2 protein chains.
Amino acid sequence: MLPFCDALDKLRTAGLRPTRQRLSLTQILFGQGNRHITAEELHAEAQAAKADVSLATVYNTLNQFTEAGLLREVAIEGDRSYFDTNTSNHFHYYLESEGRLLDIEGDDIQVIGLPQAPDGTEIDRIDVIVRLRGGNAGKRPETT
Amino acid sequence: MLPFCDALDKLRTAGLRPTRQRLSLTQILFGQGNRHITAEELHAEAQAAKADVSLATVYNTLNQFTEAGLLREVAIEGDRSYFDTNTSNHFHYYLESEGRLLDIEGDDIQVIGLPQAPDGTEIDRIDVIVRLRGGNAGKRPETT
DNA sequence: TTACATGCAAACTGTTTGCAAATAT
DNA sequence: ATATTTGCAAACAGTTTGCATGTAA
């Protein structure tokens, strides 16, 4: 759990009012390394932590954080959205059997041979998702 | 528009009963090169082609086709699903401004430096989406 | 004639929104 | 005091499903 003051700083820096709800969510989100979390999951964790935050507020907060650059949204399956606390350039494993996202460690991974971007466009970012089948990988940490 | 008999063959080969609806959708889907289409779009095209197919059937058919290996589903944004008539290994541009998918041409693009897949897993497939910002790329073909 | 496919409308899921009450500045 | 944020419930979009009807084999 992120120290309260760090959460406060984070919000202030992002230009977001440090409300009770945002502070709680910030502490949960950024308190334990890189995480990939859905709105429902975050809501559940907030409840478990006795931080009373409505689901709507969780959604709004995740969107605000994303807009503020604190989070990055990762689209995997059509149904739910994952929010990644790691906003730097990096790619993902997706464990199909568990519906879980994992950072790909190591920075030697890269995409090569990209042709020119069409017309007047420029590359915003490159999403790479390595879909893993089978196994029950990742020592099943209770949260991620 | 794919010739009727080709559509018939395609369905038979896939082990799907060649119903009127499936035949129409097959003709629309596979009649003009590689396409990236949503259920709503396909439904609209079917209507325009006087092929009366309910939206539910369009959804069911797209799923059946995907399961049968005739289509590939591409997850982009959380909201809608795209179905790709190109089931071979290839990557995509995503035009953020238009919400449109484009194949990346050229087969020299590749992902290198991948670490070992965790545990007992194996790579199912690798999705690469190059997100393009701005411009109004792609000569705006009326369909794709 | 029998198993499978379709259409409709209702159900469902994840997400967003309108508005009154609560809160940060 | 004022603008922002919250919570709730209702709205919403995309998708799936149950069931009676229709159709391919």
Side-chain angles (χ1 to χ4, degrees), chain A residues 4-5 7-26 28 36-47 50-68 70-71 73-83 99 101, chain B residues 4-5 7-28 36-47 49-68 70-71 73-83 99 101:
Chain A
F4 180 85
C5 291
L8 229 181
D9 279 0
K10 218 173 190 9
L11 289 175
R12 289 240 165 87
T13 304
L16 294 165
R17 280 194 189 176
T19 65
R20 180 177 60 72
Q21 294 84 337
R22 282 178 183 159
L23 283 164
S24 298
L25 297 179
T26 302
I28 294 172
H36 308 88
I37 202 171
T38 65
E40 295 275 5
E41 286 165 2
L42 180 54
H43 185 232
E45 284 195 36
Q47 307 236 273
K50 308 281 185 234
D52 227 315
V53 183
S54 79
L55 183 56
T57 296
V58 169
Y59 274 106
N60 292 335
T61 303
L62 285 171
N63 288 334
Q64 290 153 180
F65 281 17
T66 301
E67 209 163 336
L70 265 36
L71 293 174
E73 195 168 354
V74 184
I76 305 288
E77 303 287 29
D79 47 355
R80 81 191 65 219
S81 287
Y82 290 78
F83 293 85
L101 264 183
Chain B
F4 180 86
C5 292
L8 229 180
D9 279 0
K10 218 172 191 8
L11 289 175
R12 289 240 166 87
T13 303
L16 295 166
R17 278 194 191 176
T19 64
R20 178 177 62 72
Q21 293 84 338
R22 284 178 183 161
L23 282 164
S24 298
L25 297 179
T26 301
Q27 291 187 269
I28 294 172
H36 308 89
I37 201 170
T38 64
E40 294 276 3
E41 285 165 2
L42 180 54
H43 186 232
E45 284 196 36
Q47 308 235 273
K50 309 281 186 234
D52 227 316
V53 183
S54 78
L55 183 57
T57 296
V58 169
Y59 274 106
N60 292 333
T61 303
L62 285 172
N63 288 332
Q64 290 153 179
F65 282 17
T66 301
E67 209 163 337
L70 264 38
L71 293 173
E73 195 167 356
V74 185
I76 306 288
E77 303 287 28
D79 48 353
R80 81 192 65 220
S81 287
Y82 290 78
F83 293 86
L101 263 184

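All chains are named by letter (A, B, ...) in the order of the sequence lines, taking the proteins before the strands, and each is independently numbered beginning at 1. In this text, all values refer to a predicted model and were calculated from it rather than measured experimentally. Hydrogens, waters and symmetry mates play no part in the numbers below; they use all other heavy atoms, side chains included.
Just one residue in the list A/L25, A/L42, A/T38 forms a side chain to side chain contact (heavy atoms under 4.5 Å, CB included) with A/L62, and that residue is A/L42.
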Taking only N/O atoms, report every protein-nucleotides 9-11 of chain D pair under 3.5 Å with atom names and distance.
none

Write out a two-atom table: protein N or O, nucleotide N or O from nucleotides 20-22 of chain D, distance below 3.5 Å.
none

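Listed pair B/T19 / C/dT6 meets the phosphate criterion, a side-chain N or O lying under 4.0 Å from OP1 or OP2. Distances shown here put every side-chain N or O of B/T38 at or beyond 4.0 Å from the OP1 or OP2 atom of D/dG14. Between D/dG14 and B/S81, no contact under 4.0 Å exists linking OP1 or OP2 to a side-chain N or O. An OP1 or OP2 oxygen of C/dT16 is reached within less than 4.0 angstrom by no side-chain nitrogen or oxygen of A/Y59. Taking 4.0 angstrom as the limit, A/T57 places none of its side-chain polar atoms (N or O) nearer than this to OP1 or OP2 of D/dT6. Of the side-chain N and O atoms in B/R22, one or more sit less than 4.0 angstrom from OP1 or OP2 of C/dA5.
Of the candidates C/dT16, D/dG14, C/dT15, the closest approach to any side-chain atom of A/N63 belongs to C/dT16. Closest approach to the A/V53 side chain among D/dG14, D/dG7, C/dT25 is made by D/dG7 (side chain taken as heavy atoms from C-beta onward). For A/Q21, whose side chain is taken as the heavy atoms from C-beta onward, the closest listed nucleotide among C/dG14, D/dG7, C/dG7 is D/dG7.
The interatomic distance linking A/L8 (CG) with C/dA24 (C1') rounds to 12 Å, in whole Å. Between B/L42 atom CG and D/dG14 atom P the separation is 15 Å, expressed in whole Å. B/R80 places its CZ atom 17 Å from the P atom of D/dC12, with the value rounded to the nearest Å. Following rounding to the nearest Å, A/N60 (CG) and C/dT17 (C1') show an atom-to-atom distance of 9 Å. Taking atom CZ on B/F65 and atom P on C/dA5, their separation rounds to 11 Å, with Å as the unit. Put simply, CG on A/L55 is 11 Å from P on D/dC8, counting in whole angstrom units. Rounded to an integer number of Å, the gap from CZ of A/R20 to P of D/dG7 is 6 Å. Going from atom CG of B/L16 over to atom C1' of D/dT23 covers 16 Å, rounded to whole Å.
A donor-acceptor pair is defined here as one N or O able to donate and one able to accept, closer than 3.5 Å; no such pair exists between the side chain of A/H43 and the backbone of A/S54.
Annotation for B/R22 and B/R17: closest pair NH1-O, 3.0 Å, computed over non-hydrogen atoms. Minimum heavy-atom separation, A/Q21 to A/T57: CB-CG2, 4.2 Å.
The CG atom of B/L23 lies 10.5 Å from the CG atom of B/L16; values are rounded to the nearest 0.5 Å.
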- Item | B/L70/B/F83 under side chain to side chain contact (heavy atoms under 4.5 Å, CB included): CA gap, chis, key distance, verdict | CA-CA 10 Å; B/L70 264 38; B/F83 293 86; over 6 Å; no
